[in-house]
Amino acid sequence: MMRVLTALVLVPILIAIVGYAPPLCFLLLVCSASVLALEEYFSLAARAGLEVFRMPGHGSSLLLLSSLYGSATKVTSSWTALLILVTSLLLFFTLGLRRGNRLPTVLPGVAATLLGLFYVSLTLGLLVVVQISPTSWGPGKQWVFFLLVVVWFGDTGAYYVGLALGKHPLAPLISPKKTIEGALGGLLGNVLAAILGKQILLPDAPLLQLLVLGLLLGVVSQIGDLSESALKRGAGVKDSSNLLPGHGGMLDRIDGVLFASPVMFGYLALLQGRQ
């Protein structure tokens, strides 16, 4: 019940910001989600014994998100994001030089911090670009809704089918409760979401393409879920935080979205290239 109540509060806010507010509001929402998810990621890394560069990492994350928004709105060059990532790498190494007798922690700390920028900030930032980018089959915001619906239908299908029919473990060392039956139920939810997305969000898009895209998004979102579970198991925790009642942390809620957003971005880039 707590899980449902949390969703009832947050989903209307998300719909209003993605679908009706100016793009800058969506950027601010993504920045907020990135700060929360990245902090949870840094906490998991710290529990796993890694000394990350927390505040510089957050600063680089916000600059990266702003640059992606700028490139999508033609304010900055598309190379700006790459420059920020390279500069961040150099900054993290420079800060690591101050660790003195803890120099063995520099390499894993730099690697873990930079990974956080790719894992959380860059993937979320691609959604900012998608939301602004128009296509011949619908505005970018409709594609963002399509991604979210597909991923969340998959999560729901996996949960309830796994609860009712799950017998064969999917990845027992990573997430003992996940089953093969649940994973197949998630893919069924992805297909149903793609069909609904065709009818409600993207009526001009070919159904076959949306079905294939929906399945692909579903597969990578499940990989994203397992990947975050591996991080949590390595850190010895059940949830990334207790921020969202019934859902765990922000990272728990968006782990599938993080893996799905590059796929959606790539699909739309190919679509635009063919037009």
Side-chain angles (χ1 to χ4, degrees), residues 10-11 14-15 17-19 23 25-38 40-41 60-62 64-73 78 81-82 84-85 114-135 137-155 186-187 189-190 193-194 197 201-202 205 209-210 212-228 231 240 247 249-273:
L10 296 181
V11 169
L14 181 62
I15 292 174
I17 293 177
V18 175
C25 293
F26 184 56
L27 171 64
L28 295 176
L29 175 67
V30 169
C31 286
S32 300
S34 177
V35 168
L36 295 171
L38 193 59
E40 291 171 357
Y41 165 83
S60 297
S61 170
L62 294 176
L64 178 61
L65 290 169
S66 300
S67 72
L68 290 170
Y69 176 80
S71 64
T73 54
S78 57
L82 178 60
I84 290 173
L85 286 171
L114 190 65
L115 175 62
L117 296 184
F118 279 91
Y119 175 45
V120 176
S121 310
L122 182 58
T123 54
L124 283 179
L126 293 179
L127 287 183
V128 173
V129 179
V130 168
Q131 198 246 2
I132 298 174
S133 304
T135 71
W137 293 336
K141 62 185 178 182
Q142 300 299 90
W143 291 100
V144 174
F145 280 133
F146 180 83
L147 181 148
L148 295 176
V149 169
V150 166
V151 171
W152 290 342
F153 266 55
D155 286 347
L187 294 180
N190 300 141
L201 298 171
L202 299 162
Q209 286 197 32
L210 292 184
V212 173
L213 178 61
L215 281 172
L216 187 56
L217 292 173
V219 169
V220 296
S221 69
Q222 290 196 33
I223 295 174
D225 192 349
L226 287 172
S227 298
E228 199 242 351
L231 293 180
S240 59
H247 294 267
M250 179 61 68
L251 199 56
D252 295 317
R253 184 62 276 173
I254 65 172
D255 51 9
V257 173
L258 296 180
F259 272 54
S261 64
V263 174
M264 175 63 78
F265 178 83
Y267 170 76
L268 292 180
L270 289 174
L271 179 63
Q272 294 290 72

> Could you please spell out the steps behind the side chain to side chain contact (heavy atoms under 4.5 Å, CB included) verdict for Val257 and Thr123?
CA-CA 8 Å; Val257 173; Thr123 54; over 6 Å; no
> Taking the inter-plane angle between the rings of Phe259 and Tyr119 on a 0 to 90° scale, is it parallel (under 30°), tilted (30 to 60°) or perpendicular (over 60°)?
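Judged by the thresholds at 30° and 60°, the geometry between Phe259 and Tyr119 is perpendicular.
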> Mind checking the CG-CG spacing from Leu251 to Leu258? Nearest 0.5 Å is all I need.
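The CG atom of Leu258 is 6.5 Å from CG of Leu251, to the nearest 0.5 Å.
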> Is there a side-chain contact between Leu268 and Thr135, using heavy atoms and a 4.5 Å cut-off?
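Yes - at least one pair of side-chain heavy atoms lies under 4.5 Å apart.
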> Measure the CG-CG distance between Leu27 and Leu68 for me, rounded to the nearest 0.5 Å.
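Here the interatomic distance stands at 9.5 Å.
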> Give the minimum heavy-atom separation between Ser261 and Leu124, together with the two atoms involved.
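Smallest heavy-atom distance, with atoms named: OG-N, 4.4 Å.
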> Before giving the answer on side chain to side chain contact (heavy atoms under 4.5 Å, CB included), spell out for Leu117 and Leu122 the whole-Å C-alpha distance, their side-chain angles and the decisive distance to 0.1 Å.
CA-CA 6 Å; Leu117 296 184; Leu122 182 58; over 6 Å; no
> Hey, what do you get for CZ (Phe146) to CG (Leu210), rounding to the nearest 0.5 Å?
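Reported value, rounded in 0.5 Å steps: 4.5 Å.
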> Do you know which two heavy atoms are closest between Leu38 and Gly116, and how far apart they sit?
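Result for this residue pair: CD1-O, 3.5 Å.
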> As an exercise, state the distance from CZ of Phe153 to OG of Ser221, rounded to the nearest 0.5 Å.
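The CZ atom of Phe153 sits 13.5 Å away from the OG atom of Ser221.
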> Atom CH2 in Trp143, atom CG in Leu148: separation rounded to 0.5 Å?
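Those atoms lie 13.5 Å apart.
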> Could you report the tightest heavy-atom contact between Ala194 and Val150, atom names first, then the distance?
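Smallest interatomic distance, heavy atoms only, reads N-CG2, 4.2 Å.
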> Can you tell me how far apart CH2 (Trp152) and CG (Leu147) are? Round to the nearest 0.5 Å.
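Going from the CH2 atom of Trp152 to the CG atom of Leu147 covers 9.5 Å.
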